[in-house]
Amino acid sequence: MADPLSTSADALVLGAGIAGLAAARTLTDKGWSVIVLEARDRVGGRLWTDSSLGLPLDLGASWIHGVDGNPITKLAEEFGARTVPTDGENAVEFAADGSELPDGEWEEMEALFEEIYEEVAEMQDSTDDDMSLQAAFDQVVASRGLSEADLRRLNYYVHLVTALEYGADARDLSLWWWDQDEEFGGGEVIFPAGYNQISDGLAKGLDIRLGEIVKVVRYGNDGVAVETSQGDYVADKAVVTFPLGVLKQASVRFDPPLPGSKQGAIERLGMGVLNKVYLKFPEVFWDEDVETISYLGERLGEWCDWLNFLPFTGEPVLMAFHGGEKGFALEDLSDDEIISGAMRTLRAMFGGDIPEPVGVLITRWGRDPFSFGAYSHIPPFASGDDYDALAEPVEDVLFFAGEAASREYPSTVHGAYLSGVRAAGEM
Ligand SMILES: Cc1cc2nc3c(=O)[nH]c(=O)nc-3n(C[C@H](O)[C@H](O)[C@H](O)COP(=O)(O)OP(=O)(O)OC[C@H]3O[C@@H](n4cnc5c(N)ncnc54)[C@H](O)[C@@H]3O)c2cc1C
C-alpha cells in the first residue's frame with residue numbers, strides 16, 4: 001500500500017464502486033501502487049447496504065443475476081457471504097380492485113406478451129431503421145385489434161420487462177439493441193446480510209481516500225493529474241469509473257476533453273432509474289411464504305411490483321420498485337406522499353386495518369450527485385458499439401471501467417466488476 005499521506009502513485013482509480021475496487025485490487029495484486037479516490041463517505045457506490053431499520057437492506061443492487069460462472073459468486077464464496085436463492089415463481093397477483101387474479105390469468109398475460117413479442121423480435125431483424133421498442137409494439141398491436149383489457153395486460157407486462165429490468169420504458173429503448181446484453185446461467189440469489197460484503201471484502205487493504213470529489217482530470221503523455229475537493233494527486237495512469245450519469249452531467253472536467261467518439265457514446269447511451277421503497281411493519285399481514293406481490297393498478301407502473309423480505313430476513317419488510325419514467329416521477333414526491341401512495345395500494349390489496357409502517361427507506365438514484373441514475377441502457381439509435389467506445393482507453397493514460405463500459409454485461413454488478421479487471425489488464 002502507498003504511504004497514506006502520499007499524493008502520487010503508479011495508478012489512480014477514480015471511484016470506489018465495484019468496478020474501481022476490482023481494478024484497484026487487480027493492480028495492487030500485480031505490485032502497482034494505487035490510490036483510490038472516492039467522493040462518498042463510503043465504498044461500494046451502487047452497492048449500498050443500509051442498516052438503519054435494524055436489519056441490512058440493499059438500496060442499490062440486490063441480486064447476483066445468474067450464479068453459474070459469475071465472478072460475484074466466487075467473491076461471495078471467498079468472503080463467506082451467504083446467499084439465498086429467490087424464486088420469482090412464488091407469486092401472488094392482485095387486480096386494480098384488490099381482488100386476487102383468477103387462476104390462470106397471469107399465465108394468459110405472459111402468453112399474450114410472448115405471442116406479441118415474437119413478432120416484435122422478428123422486426124429486430126427485418127426493419128431497415130432502428131426505432132423504439134414501444135413503436136414496434138405499437139405496430140404489432142395495431143395489426144391485431146387487441147381489446148382494451150388485453151392492451152392493459154400487455155402494457156403491464158411490457159413495463160415489467162423494460163422499466164423494472166432496464167430502468168427505462170419501452171419508448172426509451174432501441175428495438176435493435178435493447179436486449180443485446182448477455183447472461184450467466186443458473187439461478188438468482190440475494191445476500192440476506194447485504195451486498196456490501198462484496199465491496200467491503202474487495203476494499204480490504206486498499207488505499208482508499210473517501211470524501212474526495214474529483215473535479216478535474218488532466219492527462220497527457222507524462223501521466224495524469226487529478227484535482228479533487230481535498231487536493232491534487234498525480235500518477236502515470238488512471239482508471240475512470242464514474243457512472244454514465246456523472247459523465248453525462250459533465251460534473252468532472254477532462255482536460256483535454258474526451259475524444260469525440262467517447263463523448264458521442266456518453267451522449268447516446270441512456271441512464272435510467274430504478275428506485276426502491278422499503279417498508280418495515282410491526283407484523284406480517286401478507287402471505288408469509290410468497291415472494292413477489294404484483295398489483296395491476298389503474299396507473300401503469302405505480303406500486304405494481306413488491307417483494308416480501310420476510311423469507312430472506314425474518315423481518316416483516318416489503319419492498320416496492322418504481323422504474324423508468326415512474327421511477328423518476330417518484331423522486332418528485334415527498335416522503336409522506338410516497339408512504340401514503342404505498343399504504344393506499346397495500347390497503348387495496350390487504351384491507352383497511354393493516355398497520356402503519358414503523359420504518360421506511362426511499363431511494364432517489366436519479367438525483368444522486370455521484371450517480372445521476374441507476375444504470376445504463378441503449379436508447380433508439382444508440383448501439384452496443386457505444387459501450388465499447390466508452391470502454392476504449394485514451395492515450396494509454398486513461399482507462400475506463402464501470403457497468404456502462406461493459407458491452408456484454410451492462411447494468412450489472414458482475415459487468416462492472418469484470419470491466420474493472422479488464423481495465424487493469426489493459427494497463
Ligand atoms: C436500485 C438498483 C438496483 C440494482 N440491482 C442490481 C441487481 O440486483 N443486480 C446487479 O447485478 N446489478 C444491479 N444494479 C446495478 C449495479 O448496482 C451497478 O451496475 C454496479 O454496482 C455499478 O458499479 P460501478 O462500479 O460501475 O459504479 P458505481 O458503483 O456507481 O461506482 C462509481 C463510484 O464513483 C464515485 N464517484 C462518482 N462521481 C465521483 C467524483 N466526482 N469523484 C469521485 N468519485 C465519484 C461514486 O460515488 C461511486 O462510488 C442495480 C443498481 C441500482 C441503482
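Side-chain atoms are counted along with the backbone in the values below, which use heavy atoms only and exclude waters and symmetry mates. Note that ligands are numbered from 1 as they come in the structure, with each ligand's atoms numbered from 1 the same way.
With no hydrogens or angles considered, no side-chain donor-acceptor pair links D336 and S334 at under 3.5 Å. Checking E212 against Y233 by side-chain atom types alone, a donor-acceptor pair falls below 3.5 Å. One side chain, S376 or E403, offers a donor N or O that lies under 3.5 Å from an acceptor on the other.
Atom 15 (C) of ligand 1 has its closest protein heavy atom at S411 O, 3.3 Å. Protein heavy atom at the shortest distance from atom 48 (C) of ligand 1 is E38 OE1, 3.5 Å. Nearest to atom 8 (O) of ligand 1 among the protein's heavy atoms is W63 N, 2.9 Å.
Under the side-chain contact (heavy atoms from CB on, under 4.5 Å) rule, V240 has a single partner from F399, F254, Y219, which is F254.
Contacts of V252 with ligand 1, taken as heavy-atom pairs under 4.0 Å, involve the side chain alone. Using a 4.0 Å cut-off between heavy atoms, F370 contacts ligand 1 through both its backbone and its side chain. The proximity of S371 to ligand 1, defined as any non-hydrogen pair under 4.0 Å, does not occur for either the backbone or the side chain. The proximity of H65 to ligand 1, defined as any non-hydrogen pair under 4.0 Å, is limited to the side chain.
By the 4.0 Å N-to-carboxylate-O rule, R25 lies close enough to D29 to be salt-bridged with it. Taking the charged nitrogens against the carboxylate oxygens, R407 and D386 have no contact shorter than 4.0 Å, which rules out a salt bridge. Between E115 and R153 there is no salt bridge, since no side-chain N of the basic residue sits under 4.0 Å from a carboxylate O of the acidic one.
Shown in contact with A39 at under 4.0 Å from a heavy atom are these atoms of ligand 1, numbered in order with element: 39 (C), 40 (C), 42 (N), 43 (C), 44 (N), 45 (C). Under a 4.0 Å criterion applied to the non-hydrogen atoms of G15, ligand 1 contributes the atoms 33 (C), 34 (O), 35 (C). Interface of A416 with ligand 1, defined as ligand atoms under 4.0 Å from a residue heavy atom, comprises 22 (C), 23 (O), 24 (P), 26 (O). The distance from ligand 1 to the heavy atoms of G17 drops below 4.0 Å at these ligand atoms: 25 (O), 29 (O), 31 (O), 33 (C), 49 (O).
Closest to atom 17 (O) of ligand 1 by heavy atom, among A61, A405, G44, G45, is A61.
Residue contacts with ligand 1 include T241, since one or more of its heavy atoms lies under 4.0 Å from the ligand. For L59, the heavy-atom gap to ligand 1 drops under 4.0 angstrom. Put simply, part of E212 is less than 4.0 Å from ligand 1, judged by heavy atoms.
Considering backbone and side-chain N/O atoms, G20 never comes within less than 3.5 Å of an N/O atom of ligand 1. Considering backbone and side-chain atoms alike, E403 places an N or O below 3.5 Å from some N or O of ligand 1. The shortest N or O to N or O distance between L274 and ligand 1 is not below 3.5 Å.
Side-chain atoms of L55 and F309, non-hydrogen and from C-beta on, never get closer than 4.5 Å to each other. The closest side-chain heavy-atom distance from L206 to V34 is not below 4.5 Å.
Within the model, atoms OG1 of T28 and CG of D207 stand 9.0 Å from one another, a figure rounded to the nearest 0.5 Å.
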